[in-house]
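Both backbone and side-chain heavy atoms feed into the values below; hydrogens, waters and symmetry mates do not.
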Amino acid sequence: MSLRQSLDLIKMVRPDAGTTAIDHEILAERASSLGAAEKRVGKAVAALAAATGDRDACLAEARKVVWEYFVQRELVGFRKHTDVIQDLSIPGEVLVGLGAISKAPR
């Protein structure tokens with residue numbers, strides 16, 4: 001029996017068996033990616049808190065990173081962000097400007 005025939009037989013007996021391994025790998029990759037995004041948020045918020053001079057660049061970066069994190073969370077299925085806002089101590093000044101894009105000078 002060839003490999004192709006074996007896979008076809010497995011799919012006939014257990015249709016979901018053919019995708020279980022890849023589904024597990026996709027979930028693991030999503031979790032890893034979301035964890036990395038959360039670390040970027042933590043670093044950006046810490047950099048903003050430590051900024052002494054030009055806070056505008058740090059604020060813009062924090063807004064960008066938090067926006068990306070929220071979008072990624074929503075794509076995975078997490079619609080409410082209240083808990084992570086508190087857990088990561090995301091300041092209100094970051095939340096106010098989420099999604100805003102400044103015009104580049106000409």
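In the hydrophobic clustering of ILVMFWY residues, with side-chain heavy atoms under 4.5 Å counting as a link, Ile26 and Leu34 come out apart. Val76 and Phe70 fall within the same hydrophobic cluster, where Ile, Leu, Val, Met, Phe, Trp and Tyr residues are linked whenever their side-chain heavy atoms come under 4.5 Å apart, directly or through other members.
Counting all heavy atoms, side chain and backbone alike, Leu48 lies closest to Pro91 at CD2-CG, 4.0 Å. Residues Gly97 and Arg63 share a closest heavy-atom pair of CA-NE, 3.5 Å. The shortest non-hydrogen separation linking Ala51 to Cys58 is CB-SG, 3.9 Å.
Of the inter-residue distances, the one linking Ile90 atom CD1 with Leu98 atom CG reads 8.0 Å to the nearest 0.5 angstrom. His81 contributes atom NE2, which lies 10.0 Å from atom CG of Leu95 (distance to the nearest 0.5 angstrom).
Looking at heavy atoms from C-beta onward, Arg30 lies in side-chain contact with Leu27 at the 4.5 angstrom threshold. Put simply, the side chain of Val45 does not reach to within 4.5 Å of the side chain of Val94, judged on heavy atoms.
Looking at Glu38, Lys64, Arg40 one by one, the single match for side chain to side chain donor-acceptor pair (under 3.5 Å) with Tyr69 turns out to be Glu38.
The closest donor-acceptor contact from the side chain of Arg55 to the backbone of Ala50 lies at 3.5 Å or more, if one exists at all.
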